[in-house]
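Heads up, the thing below is written out as structure tokens.
The analysis underlying the following values was restricted to heavy atoms, covering all of them including side chains, and did not include hydrogens, waters or symmetry mates.
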Amino acid sequence: MKIIRLFLKTYFLFFIFLSTCLSANEIDNFIKNYFDAFNNSDSIEFHDKFHNPFIRIINGEKKLISEKKWFDFKALKSTDWSYSSILDYEKFLETDNEAILKINYGRHNSEGLIYNSGDAYMVLTKINNKWGISTYIAPSIPTEGI
């Protein structure tokens, strides 16, 4: 009986560990794919990373966004933006269906130098087995306004 209890306890702990790792990997992959879509200016793939409607809060201004395509990649490309990178990444919460993240990002110019950086907070939710951003919060918009 002790062996069966030990086996069940070990199996349970392994299952908890495995499900946590799978969630972490899913979230990490989501963020990587989000930045890939953004850096490729792939409007369809980028906008697919958001659950619609979603809440966007920038400079304290709250907006419920329902549009399928709302980010203007042409305006971003008109600056000297070349790509964005993750400078720091922190998970405040992660479960099987939710995550709260803080991402410190950098925007790089054509020479690869960071000309702007900022923080973004994301609330991710898994709806119908698909991760997406439900809330996006930025304390300020980048200096170039995009």
Side-chain angles (χ1 to χ4, degrees), residues 7-146:
F7 173 76
L8 290 175
K9 186 177 179 181
T10 303
Y11 178 77
F12 178 74
L13 291 173
F14 177 73
F15 177 76
I16 296 295
F17 172 76
L18 185 60
S19 65
T20 302
C21 289
L22 288 175
S23 293
N25 288 335
E26 287 178 357
I27 294 165
D28 293 341
N29 288 337
F30 176 87
I31 295 302
K32 181 194 175 307
N33 292 335
Y34 170 87
F35 270 82
D36 287 347
F38 189 84
N39 287 332
N40 292 328
S41 302
D42 186 335
S43 185
I44 293 170
E45 192 64 32
F46 172 76
H47 288 102
D48 189 49
K49 302 295 180 215
F50 294 82
H51 286 307
N52 281 338
F54 77 96
I55 299 168
R56 183 180 73 188
I57 304 171
I58 297 178
N59 281 341
E61 181 185 331
K62 297 173 230 65
K63 186 172 183 184
L64 181 65
I65 301 196
S66 299
E67 298 88 27
K68 293 286 185 191
K69 292 184 180 179
W70 52 270
F71 190 83
D72 188 354
F73 282 102
K74 286 182 183 177
L76 179 63
K77 287 181 178 182
S78 72
T79 68
D80 193 26
W81 173 83
S82 182
Y83 66 95
S84 295
S85 67
I86 298 172
L87 303 175
D88 193 26
Y89 173 51
E90 183 178 354
K91 296 177 194 171
F92 294 113
L93 167 79
E94 61 180 301
T95 69
D96 290 340
N97 296 307
E98 301 95 16
I100 301 175
L101 317 170
K102 176 185 178 185
I103 300 173
N104 179 252
Y105 65 90
R107 289 202 172 159
H108 300 258
N109 62 21
S110 56
E111 296 175 8
L113 302 173
I114 295 175
Y115 67 90
N116 188 297
S117 64
D119 291 320
Y121 298 85
M122 295 180 184
V123 176
L124 306 179
T125 52
K126 191 175 190 181
I127 300 172
N128 296 326
N129 211 28
K130 178 184 178 251
W131 284 100
I133 299 169
S134 295
T135 305
Y136 179 89
I137 304 166
S140 64
I141 56 175
T143 349
E144 72 279 6
I146 300 168

Can D28 and K32 be counted as an ion pair, charged N to O under 4.0 angstrom? no
Going through the distances and angles, do D80 and S82 end up as a side-chain contact (heavy atoms from CB on, under 4.5 Å)?
-> CA-CA 6 Å; D80 193 26; S82 182; over 6 Å; no
All heavy atoms of S41 vs all of K77, minimum pair found to be OG-CE, 3.0 Å
Under 3.5 Å, is there a donor-acceptor pair between the side chain of H47 and the main chain of K69?
no
Here the pair of heavy atoms bringing Y89 nearest to I103 is CD1-CG1, 3.8 Å
Over 60° means perpendicular and under 30° means parallel, so classify the ring planes of F73 and F71, tilted if in between.
perpendicular
Are any side-chain N or O atoms of N109 and backbone N or O atoms of E111, one a donor and one an acceptor, separated by less than 3.5 Å?
-> yes
In short, T79 meets L76 closest at the heavy-atom pair OG1-O, 2.6 Å
* To do: Walk me through it: do I65 and F50 pass the test side-chain contact (heavy atoms from CB on, under 4.5 Å)?
  => CA-CA 10 Å; I65 301 196; F50 294 82; over 6 Å; no
With a 6.0 Å cut-off (strictly less than), is the heavy-atom count around CD1 of I44, excluding the residue itself, greater than 12? no
Between the CG atom in D48 and the NZ atom in K130, the distance rounded to the nearest 0.5 Å is 4.0 Å
Might you confirm whether atom CD of E67 has over 12 heavy atoms from other residues, nucleotides or ligands at distances under 6.0 Å? yes
Taken to the nearest 0.5 Å, the spacing of D96 CG from E26 CD works out to 8.0 Å
* To do: Look at the side chain of N116 and the backbone N and O of G106, then say whether any donor-acceptor pair between them is shorter than 3.5 Å.
  => no
d(K49 NZ, L124 CG) to nearest 0.5 Å is 11.0 Å
Here the gap from S43 atom OG to K74 atom NZ, rounded to the nearest 0.5 Å, amounts to 10.0 Å
Margin query: Go through it in stages, so that I can follow the logic: the residues are N40 and E45, the test is side-chain contact (heavy atoms from CB on, under 4.5 Å), and I'd like the CA-CA distance, side-chain angles, deciding distance and then a yes or no.
Written below: CA-CA 9 Å; N40 292 328; E45 192 64 32; over 6 Å; no
- How about F38 and W81: are their ring centroids closer than 6.0 Å? yes
Closest non-hydrogen contact found for I133 with Y34 is CD1-CE1, 3.7 Å
Shortest non-hydrogen pair, Y136 vs F54, comes out as CB-CE1, 4.4 Å
Q: For the pair K102 and D119, evaluate side-chain contact (heavy atoms from CB on, under 4.5 Å) and give the outcome as yes or no after the intermediate values.
A: CA-CA 7 Å; K102 176 185 178 185; D119 291 320; 3.7 Å; yes
Interatomic distance, CG@L101 vs CD1@I31, rounded to 0.5 Å, equals 5.0 Å
What one should report as the nearest heavy-atom pair of S117 and L87 is CB-CD1, 4.0 Å
Mind checking whether Y83 and H108 have parallel, tilted or perpendicular rings, split at 30° and 60°? parallel
* Examine distances only and state if a side-chain atom of N29 and a backbone atom of N25 form a donor-acceptor pair shorter than 3.5 Å. => yes
* Asked: Ignoring hydrogens and geometry, is there a side-chain-to-backbone donor-acceptor pair from N39 to S84 under 3.5 Å?
  -> yes
- What is the ring orientation for F92 with Y121, classed by angle as parallel under 30°, tilted 30 to 60°, or perpendicular over 60°? parallel
ring-ring contact (aromatic ring centres under 6.0 Å, His included) filter on F35, not counting sequence neighbours, yields none
Separation between CD1 (I137) and CG (N59), nearest 0.5 Å, reads 12.5 Å
